[in-house]
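Working notes, structure below.
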Amino acid sequence: MSRILLIEPDQLLGNTLTKYLSGVGHTLFWERSGQAAIEQIDRKSPDLVLLQMQLPQHSGVEFLYEFRSYPEWQSIPVVVLGSVPISEVNVNAGAWQQLNVAHYHHTPSSSMGQLSNLIKQLLATPTAFR
Amino acid sequence: MNQPIDDSTYLRALLRNLSDDLTLPFLQIKTSLELLLDQQFLKPELEKQIEQISLSVDGGLQLVEAYRLALAHDNLQLPLEPVALGGMLQKTADQLRLLADSYHTDLVVDVPRKLRPVLAHRLNLNAMFNCLVLSMIRTQAAQLRSKRHEVILGVHKTSNNRVVAGVYSRAEGFNSSALQLARKLTNSAHQPLSAAPAGASSGILVADMLGSSTSHPLLGSTHHKMEGLAAVFSLSKQLQLV
């Protein structure tokens, strides 16, 4: 059973995602902000992080830079959940690779089922950003 | 109006922010429906998800209607009338109570007794407070880890006998400088109000536009040590209507 840290500020969305992913067999830890997530990662050692880009007070990118500054967390795959197309995010492809983001998941055009399949693939074979 | 760029550019930028934020209620609905398509969740979650979908629809529609109102009232000389703030805020709280509850939030109306009506545009004011409260609920729930939150719809008088009415909470980042920056960033940032998570900042900007159209722009304010955004009104010199 894998441990997933979900960083999602919205109560309703976070609730539904947690229920769905728990229902398919993962253990979910859900935080609403980057700061709380850093503390949680330290305590719970997740196998994968799901990160909403637009966090209150700090952006998802700021969280990623801090997260990747810890050597012991370099290999934890991160899936970014974005509500805008990747072309509209002000981060270039090199930066995504530098931050070791495994996948940018455009939520409006995909489903929780697809997210679940992606998570399974990543946990089986972690990969560079695609 | 309090805008750093010309009106039409600002309106387009605001529309873009609004469309970004409207993704949230649609995503809420989409994920709820997907959950219900899964047999293991259908029975236990049906009632709760239906209620959640209904709240998401209401939230999205309300934002759209507020924007339409802001557009319609842009650059018009709107007639002002005496409005009882206590009643107005209570109405807002009643309209949003269910949604607030879904974010583990209590709405508290705090208005001085026997407060005379203020001069305002009733429809604008209602839409403005609805937008403010909705954004504040979402932002506070995203920022803080409490089991239960509180949003205050509060009114207090100033020393020069004007009335400040606003929405307050323990969320950080709702102040005049953040608002001024958000007005400037509307044209260039997906998150013009950095304190607010996805789905919450355009409501503040639409509320600001609604307030500005009747010369009641939003500004940072404090109410019983809680920060928030408010507008300042003049008391009506007409008799209070029962």
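Everything numeric here is computed off the predicted structure, so don't read it as measured data.
If you take OG1 on B:Thr31 and OH on A:Tyr20, they are separated by 11.0 Å, rounding to the nearest 0.5 Å. Distance check: A:Leu12 CG to B:Ser56 OG gives 5.5 Å after rounding to the nearest 0.5 Å. Put simply, OG1 on B:Thr139 and CZ on A:Arg32 are 13.0 Å apart, with the number rounded to the nearest 0.5 Å. B:Glu34 CD to A:Leu17 CG: the interatomic distance, rounded to the nearest 0.5 Å, is 9.0 Å.
Only the side chain of B:Phe41 comes within contact range of chain A, with at least one heavy atom under 4.5 Å from a heavy atom of that chain.
Residues B:Gln52 and A:Thr16 bring a donor and an acceptor atom of their side chains to less than 3.5 Å of each other.
Taking 4.5 Å as the limit, every side-chain heavy atom of A:Leu55 sits out of range of all side-chain heavy atoms of B:Gln143.
Across A:Gly113, A:Ser83, A:Ser111, the residue that shares the most heavy-atom pairs under 4.5 angstrom with chain B is A:Ser111. Taking B:Arg138, B:Gln49, B:Glu45 one by one and counting their heavy-atom pairs under 4.5 Å with chain A, the maximum is reached by B:Glu45. Considering only heavy-atom pairs separated by less than 4.5 Å from chain A, the leading option among B:Leu144, B:Leu24, B:Asp20 is B:Leu24.
Comment: A:Glu39 engages B:Arg145 in a salt bridge, judged by a side-chain N to carboxylate O separation of less than 4.0 angstrom.
Annotation: residues 61-69 of chain B contacts chain A through no residue [non-hydrogen atoms, separation under 4.5 Å].
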